[in-house]
Amino acid sequence: MTGVPASAAGGPSAAKGGPAAVSGAPSGAAPSAPSDAVSGTAAAVHAGAVPVVEVVSAAASEDGVDSGTKPARGKKIAAAAVNQASVWNIANLLTMLRLVLVPGFVALMLADGGYDPAWRSFAWAAFAVAMITDLFDGHLARTYNLVTDFGKIADPIADKAIMGAALICLSGLGDLPWWVTIVILGRELGITLLRFLVIRYGVIPASRGGKLKTLSQGIAVGMYILALTGWLATARFWVMAVAVVLTVVTGLDYVRQAIVLRRQGIAERQAALEETEA
């Protein structure tokens, strides 16, 4: 029969995998059965030759095309990037560095009774490195898609740890009133807890006031860590006053946003429930 391959005719060469099955089929040959393509793809996935992401996307977009079709190169690169994402990325390493700096900072801060200008300068350097890395790790994670569950948990812990250690050391040494430390740390811990309570309804975004609060706190605490005298010692008092005011104001604003977010979430759930029942 002219134009009909041996595999379609059910000849012996097709059953035994002979030359007719291996060599290129004539132009009028029928495509392979879908079950053959699926079984071949499954074998390739089991052997590790084809990423699962590529198989899923190919099956969804082409639905039954033979296994010889190759996905776009860009999809391969994207799939490889997703598969290689891990906890050990640059953003998380910076967060880990901040956590490691906390005990080192405390040791430097309290060295020789905590009043030696040289040791206080070293402590300020450790604190400055921690605050600078705080500016970069979140930006890197969002820009290069390096967000991980570890980073979501460890980043705020590292932030609170270095700031809390600095405030407690300063108050313990008598350089900063305890009420300032209590106000700042109480606000930070309270807002963190509030975020977890309303996370089922949505996420409270960071505001400009919150960023100014963090910046002013970092500058004020850094000035208190250094053994400053004269007009600089007076200036740090006013910088800390601005930081405390921003801490309280932004804290109250977060409470307001949380209440609004919760009300909206409850209203949306009730509306969805009523629509389902209707």
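Remember, it's a predicted structure, so these values are computed and weren't measured experimentally. Only heavy atoms go into these numbers, but all of them, side chains included; no hydrogens, no water, no symmetry mates.
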Leu173 and Gly114 have their tightest heavy-atom pair at CD1-O, 3.6 Å
Provide the closest heavy-atom pair for Lys152 versus Pro156 in the form atom of the first, atom of the second, distance.
O-CD, 3.1 Å
CD1 of Ile219 to OG1 of Thr214, rounded to nearest 0.5 Å, is 11.0 Å
In short, Ser216 meets Val239 closest at the heavy-atom pair O-CG1, 4.2 Å
Measuring from atom CG of Leu185 to atom CG of Leu189, what distance do you get when rounded to the nearest 0.5 angstrom?
6.0 Å
Are there over 12 heavy-atom neighbours, none belonging to Tyr115, within less than 6.0 Å of that residue's OH?
yes
Listing request: all side-chain hydrogen bond (donor to acceptor under 3.5 Å, both in side chains) pairs with a residue in residues 157-183, at least two apart in sequence or in separate chains.
Arg98-Asp159, Arg120-Asp175, Ser171-Thr181
Nearest 0.5 Å please: distance from the CG atom of Leu146 over to the NE2 atom of His139.
11.0 Å
Does one hydrophobic cluster hold both Val242 and Val248, with members joined at side-chain heavy-atom distances below 4.5 Å?
no
Neighbour count >12 (heavy atoms, 6.0 Å) for atom OH, Tyr201:
yes
Asn92-Thr148 side chain donor-acceptor pair, cut-off 3.5 Å
yes
Side chains of Met163 and Gln217: does their closest heavy-atom pair fall under 4.5 Å?
yes
What about Val106 and Ile184, same hydrophobic cluster or not, with Ile/Leu/Val/Met/Phe/Trp/Tyr joined at side-chain heavy-atom distances under 4.5 Å?
yes
Are side-chain heavy atoms of Ile157 and Thr95 found at a separation under 4.5 Å?
no
When you compare the side chain of Phe105 with that of Ile225, does any pair of heavy atoms fall below 4.5 Å?
yes
I need the minimum non-hydrogen distance between Ile204 and Arg195, along with the two atoms involved.
O-NH1, 2.8 Å
Taking the side chain as C-beta and beyond, is there a heavy-atom pair between Trp124 and Met223 under 4.5 Å?
no
Approximate separation, where rounding is to 0.5 Å, of Met131 CE and Leu101 CG:
12.0 Å
Is it true that Val221 and Leu246 fall in one hydrophobic cluster, defined by side-chain heavy atoms closer than 4.5 Å?
no
Do the side chains of Trp238 and Leu170 join up, straight or via other hydrophobic residues, at under 4.5 Å, putting them in one cluster?
yes
Quick one: does Leu212's side chain get under 4.5 Å of Thr250's, heavy atoms only?
no
Counting C-beta onward and ignoring hydrogens, is there a side-chain heavy-atom pair between Tyr254 and Arg187 closer than 4.5 Å?
yes
Here the gap from Leu140 atom CG to Asn145 atom CG, rounded to the nearest 0.5 Å, amounts to 12.5 Å
Which pair of non-hydrogen atoms, one from Phe136 and one from Ile132, has the smallest distance, and what is that distance?
CD1-O, 3.1 Å
Flag side-chain contact, heavy atom, 4.5 Å: Leu93 against Leu97
no
Test side chain to side chain contact (heavy atoms under 4.5 Å, CB included) on Gln270 and Ile266; report intermediate values, then the result.
CA-CA 6 Å; Gln270 290 179 347; Ile266 293 175; 3.8 Å; yes
Looking only at heavy atoms, what is the nearest atom pair of Val183 and Thr247, with distance?
O-CG2, 4.3 Å
Would you indicate whether the side-chain heavy atoms of Leu273 and Arg269 approach each other to under 4.5 Å?
no
Start with the C-alpha distance between Val87 and Met96, add both sets of side-chain angles, then the distance that settles side chain to side chain contact (heavy atoms under 4.5 Å, CB included), and finish with yes or no.
CA-CA 11 Å; Val87 174; Met96 295 177 193; 4.0 Å; yes
Please round to the nearest 0.5 Å and tell me the distance separating atom CG of Leu108 and atom CZ of Phe127.
13.5 Å
In this structure, would Ile162 and Ile191 fall into the same cluster of hydrophobic residues linked by side-chain contacts under 4.5 Å?
no
